[in-house]
Amino acid sequence: MGNKTPYNHIAIEKKWRKNWEEHPINVEDGIKEKYYCLDMFPYPSGNGLHVGHWRGYVISDVWSRYKMLKGYYLIHPMGWDAFGLPAENYAIKNGIHPSISTAENVKNIKKQINEIAAIYDWDREVNTTDPDYYKWTQWIFVKMFKEGLAYEKEMPINWCPSCKTGLANEEVVDGKCERCGSEVTKKNLRQWMLKITAYADRLLADLDKLDWPEKVKKMQTDWIGKSYGAEVSFKVDGMEEEIIVYTTRPDTLWGATFMVLAPEHALAHKLATEETKDAVEKYIYDASMKSNVDRMQDKEKTGVFTGSYAINPLNGKKTPIWLSDYVLADYGTGAIMCVPAHDDRDFAFAKKFDLPIIQVIAKDGKEIEDMQEAYTEAAGTMINSGDWNGMESAVLKKEAPAMIEELGYGKKTTNYKLRDWVFSRQRYWGEPIPIIHCPDCGAVPVPEEELPVLLPDVEKYEPTGTGESPLAAIDRWVNTTCPCCGKPAKRETNTMPQWAGSSWYFLRYVDSKNDKALVDREKADKYLPVDMYIGGVEHAVLHLLYSRFYTKFLNDIGVIDFDEPFKKLFNQGMVCGRDKDTGAATKMSKSLGNIVSPDDIVRDYGCDSLRLYELFIGPPELDSIWDDSGMEGIYRFLNRLWNMFNENKDKDVAETKELVKLRNKMVYDITTRLEQFSLNTVVSGFMEYNNKLVAMTKEGGVDKETLKTLTILLAPFAPHLGEEMWEQLGNTDSVFHQTWPSYDESKMADDEKEIAVQINGKTKAVIKIAVDEAKDAVIEKAKAEIADKLTGNVVKEIYVPGRIVNIVMK
RNA sequence: GCGGAUGUGGCGGAAUUGGCAGACGCACAAGACUCAAAAUCUUGCGGUGGUGACAUCGUGUGGGUUCAAGUCCCACCAUCCGCACCA
């Protein structure tokens, strides 16, 4: 086959990059419906991009360009999440001021991202460290403060000794810092908190509205952790005090044989008697010294008897009160009633300390003899439960909270695992919290017209480790006057977490230069919310939960008219390297030396080839393994396609019925696969159709209309090649100003079809039939074809039209 | 422990939702071209048996439903991910 004009990816891609720079592809905003396709914006790390990072960007770009060709007004922006720990840690490690290193990194990554040839609208670019941007990050905080959603509290919080800062619960993974992996300890600090718990119910309920992966919805549901139950009051024997416990199983109240309080419980000290005092004090002290990890991972239960007793309001029985660190101080009321017969943890505790076990639910009508583990299901009949005897446990479980409330022993209630958001960081590289502390007026927000509070330029930005931000050392910045009374006052020196800027950036893109408002309401109404959000799954309960919270808040104060930021979410899988020894998939990392750099690939095969391979590598939602020869294969495919195109483009081949059919089928297949987001099979679809077109080339050629159609279909995937082919077909405008082709089903239909002939479900032959051939005729034809094999009694003859013939024989 | 995902040739993966398993690509083999190699092209390529048309087994395992199962049902196994003393 002739190869007169070899596929020169370097020349083609260079040509069209230049062309796009000079004649940007823009589609006029106007009567068109908008489509907002968003990538999770990167933090500009110094390591640069590898082929794994490309994947999400390629997916979103292909989708964006497709939507553009479908006639939408496309919003496809990019920006930089440049505040926060990673950027700052990188700066410290390399001894460069974060403002300089981040600017450098942004420049580098922007250059690398440009290699993807994604159709980003750089006019919309945002950078969270830009004062014109963080002015609004601070503004939101001030609004939250005014609404009572931002508050100060001194409390023991998660502390990363390596990053030397407090962390939110969401940032602690397996007791370790999400960023650096150091073991997280507790530290008592004055903190700024955001009352995300006020939105718990809405954050939970509105998940139903979202077209998100079930996995992510489930993770958020679990994180919010709503449970229903009752708070029950127990009087302490011989004291005025009452202890309130939270339980989801008030139906088992008759089986409560002891009570356990968290060591941090307010009454812990007071409950100790003369005899138990030393042991109790020691236990409380020891617990306070244990790290989170120890406390969570100790399977063996520990505890101490306080010497006091609580009185079960239902039956008046005295139950011993213990302290144990398996009870969490900050969940529920920090105290529980223990029903060892029906709870695993209480059972383990009772066994260890030899406490009584009373069964109150009869499994299968009788008590369990020689109980070896707790019976935790609410299934069975109540026993040993006074008035409640004979009731169904499942029914009682539902009714008990209300019954207890009626009896005056407590109230029905709900609880959440979600905690308020620890929002202050004792670090330099973040948005200053816009608060001024006045000795007389207390915490006063910086007046909105004085925002932003600029992050001062400093020499020393390393974390102090004392629980104070490095900003605290800058006297001339810290000392100011109270906006309320004018007296000397001090600035808040903590900064915001990285998530502050990323919780609302998607709003800013549609109006990134507005200096009067966070976003113009008209523009917000027109262009928001995000239709498609593409990024890794690692933000399932961090960024994605925070963004939802911010959006709901901004909706409440009337900034925007919607309360969910991202209608559809797509999580792309990772691109892994292969372990040289075991062949197993491993995450690409510097230390493993298995990073594949897109720069080399783009040089050797071109951007278009890499884009296609990123998709062809596997189903977009699953992890995949990079394979050099797979990359090679894609390049060969583009060469074959290019050759086919060149052989036909000047031929002026007449359109045949067969070509029309092929063209319509091609549009149908590519479009439906693309709509299903089955991007890997879209690429294999191009290969299949190219193989057919290559065959057609030998049999007379391919017509112009088919080549045009192929070019438009291919363009979102291989934009440079698409433009080049489009131009060579004699067009002068961009292929991206065309319309996505449509198909005509009536022209796709075959007259003849090959169907399988089976005996007892096993294929014996293939016959050709006319599509509308009658059942009897088909069966006759089928039987004739396999006549020699029809040796038994034919029991049944099945014909599924156009699909299959099955002869059932005995 | 709880929840989710995945399991198909030597490899990555397809399969119109119950209808010819293995599309497409990689790797491999043979052939063409070449002095030769690379590139390219052609052909083959799940296992077993047979020169052969063919037979037979085959989608993690074991059962089941059905004319027909990768696909549906039941019970398991393995790998990966998330959560994990939340009362």
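Quick note on labels: first sequence line is chain A, next is B, and so on, each numbered from 1.
- Evaluation of the salt bridge (Lys or Arg N to Asp or Glu O under 4.0 Å) rule for A:Lys692 yields no partner, not counting sequence neighbours.
- If you check every strand for non-hydrogen atoms under 4.0 Å, A:Asp344 touches nothing.
- Checking B:C41, B:A21, B:A87 against the side-chain heavy atoms of A:Thr763 singles out B:A21 as nearest.
- OP1 or OP2 of B:G25 sits under 4.0 Å from a side-chain N or O of A:Arg640.
- Nucleotide B:G19 holds its C1' atom 13 Å from the CD1 atom of A:Ile769, rounded to whole Å.
- Atom CD1 in A:Ile767 sits roughly 14 Å away from atom C1' in B:G19 (whole-Å rounding).
- Distance check on atom P: B:U71 versus B:G19 gives 11 Å, rounded to whole Å.
- Of the residues near RNA chain B, A:Thr333 and A:Gly630, the one whose nearest nucleotide (by heavy atom distance) lies more toward the 5' end is A:Gly630.
- When each of A:Trp223 and A:Met687 is assigned the nucleotide of RNA chain B bearing its nearest heavy atom, the one mapping closer to the 5' terminus is A:Met687.
- Residue contacts for A:Gly633: at a heavy-atom cut-off of 4.0 Å it reaches the sugar-phosphate backbone alone, with no base atom in range.
- With sequence neighbours excluded, the residues forming a salt bridge (Lys or Arg N to Asp or Glu O under 4.0 Å) with A:Lys665 are A:Asp750, listed by chain and number.
- A straight line from CG of A:Leu545 to P of B:G82 spans 18 Å, rounded to a whole angstrom.
- For the pair A:Phe637 CZ and B:C26 P, the interatomic distance rounds to 11 Å; values are reported in whole Å.
- Residue contacts for A:Lys764: at a heavy-atom cut-off of 4.0 Å it reaches the sugar-phosphate backbone alone, with no base atom in range.
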From CA spacing to verdict: salt bridge (Lys or Arg N to Asp or Glu O under 4.0 Å), A:Glu773, A:Lys781: CA-CA 10 Å; A:Glu773 204 156 332; A:Lys781 203 183 261 185; 3.3 Å; yes
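- The phosphate of B:A87 has neither OP1 nor OP2 within less than 4.0 Å of any side-chain N or O from A:Tyr326.
- A sub-4.0 Å separation between OP1 or OP2 of B:G3 and a side-chain N or O of A:Lys217 is absent.
- Distances were taken from every side-chain heavy atom of A:Lys301 (C-beta onward) to each of B:C85, B:C26, B:C57; the shortest belongs to B:C85.
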Assign a letter to each nucleotide of nucleotides 65-74 of chain B from its 5' end: B, base within under 4.0 Å of a protein heavy atom; S, sugar-phosphate only; -, no contact. --BS------
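- A side-chain donor from one of A:Tyr416 and A:Asp201 sits under 3.5 Å from a side-chain acceptor of the other.
- Here the separation of B:C20 from B:A5, taken at their C1' atoms, is 30 Å to the nearest Å.
- The backbone N or O of A:Val58 sits nowhere less than 3.5 Å from a side-chain atom of A:Arg611 that would complete a donor-acceptor pair.
- For the pair A:Arg673 and A:Glu688, the salt-bridge criterion is met [side-chain N within less than 4.0 Å of a carboxylate O].
- With sequence neighbours excluded, the residues forming a ring-ring contact (aromatic ring centres under 6.0 Å, His included) with A:Phe686 are A:Phe717, listed by chain and number.
- The same atom, P, is picked in B:U65 and in B:A15; the two are 29 Å apart, to the nearest Å.
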Can you give me the N/O atom pairs linking the protein to nucleotides 30-34 of chain B at distances under 3.5 Å, or say none if there are none?
none

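- Using a 3.5 Å distance cut-off with no hydrogens or angles, the side chains of A:Tyr331 and A:Asn415 do not pair a donor with an acceptor.
- A donor atom on one side chain and an acceptor atom on the other are found under 3.5 Å apart for A:Asp420 and A:Thr197.
- Taking atom P in both B:C28 and B:C35, one finds a spacing of 25 Å when rounded to whole Å.
- With P as the reference atom, B:C67 and B:C83 are 47 Å apart, rounded to whole Å.
- B:U17 shows a glycosidic angle within 90° of 0 and is accordingly assigned syn.
- In this structure, the ring-ring contact (aromatic ring centres under 6.0 Å, His included) partners of A:Tyr743, at least two apart in sequence or on a different chain, are A:Tyr668.
- Side-chain polar atoms of A:Thr302 and A:Tyr283 form a donor-acceptor pair below 3.5 angstrom.
- Glycosidic conformation of B:G7: anti, with the torsion beyond 90° of 0.
- Rounded to a whole Å, the CZ atom of A:Arg636 is 8 Å from the P atom of B:A39.
- Scanning for ring-ring contact (aromatic ring centres under 6.0 Å, His included) contacts around A:Tyr228 gives an empty result, with sequence neighbours left out.
- Checking the phosphate oxygens (OP1, OP2) of B:A87, a side-chain nitrogen or oxygen of A:Ser227 falls inside 4.0 Å.
- A salt bridge does not link A:Asp325 to A:Lys301: none of the charged nitrogens lies less than 4.0 Å from a carboxylate oxygen.
- If you check B:U56, B:C20, B:A27 against the side chain of A:Ser629, the one that comes closest is B:A27.
- For the P atom pair drawn from B:G60 and B:G70, the interatomic distance equals 10 Å after rounding to whole Å.
- Rounded to an integer number of Å, the gap from CG of A:Leu612 to P of B:C26 is 14 Å.
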What string of B, S and - do you get for nucleotides 4-17 of chain B, 5' to 3', if B is base contact, S is sugar-phosphate-only contact and - is no contact with any protein heavy atom under 4.0 Å? -------SBSS---
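- In this structure, A:Met219 atom CE and B:G3 atom P are separated by 16 Å, rounded to whole Å.
- Evaluation of the salt bridge (Lys or Arg N to Asp or Glu O under 4.0 Å) rule for A:Arg803 yields no partner, not counting sequence neighbours.
- Within 4.0 Å (heavy atoms only), A:Glu797 reaches no atom of the nucleic acid at all.
- Using atom P as the reference point in both B:A69 and B:G63, the two lie 15 Å apart (nearest Å).
- Judged as a ring-ring contact (aromatic ring centres under 6.0 Å, His included), and not counting sequence neighbours, the contacts of A:Trp322 are A:Phe305, A:Phe349, A:Phe353.
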List the steps, then state whether ring-ring contact (aromatic ring centres under 6.0 Å, His included) holds for A:His9 with A:Tyr635. CA-CA 10 Å; A:His9 68 265; A:Tyr635 187 63; 5.5 Å; yes
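- Comparing the C1' positions of B:C76 and B:G82 gives an interatomic distance of 23 Å, to the nearest angstrom.
- Counting to the nearest Å, the C1' atom of B:U40 and the NZ atom of A:Lys698 are 12 Å from each other.
- Residues meeting the salt bridge (Lys or Arg N to Asp or Glu O under 4.0 Å) test with A:Lys783, sequence neighbours left out: A:Glu797.
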Would you write the dot-bracket representation of RNA chain B, where each base gets (, ), [, ], | or . depending on whether it forms a Watson-Crick or G-U pair under 3.5 Å and with which partner? (((((((..(((......[....))).(((((.......))))).((((....))))..(((((..]....))))))))))))....
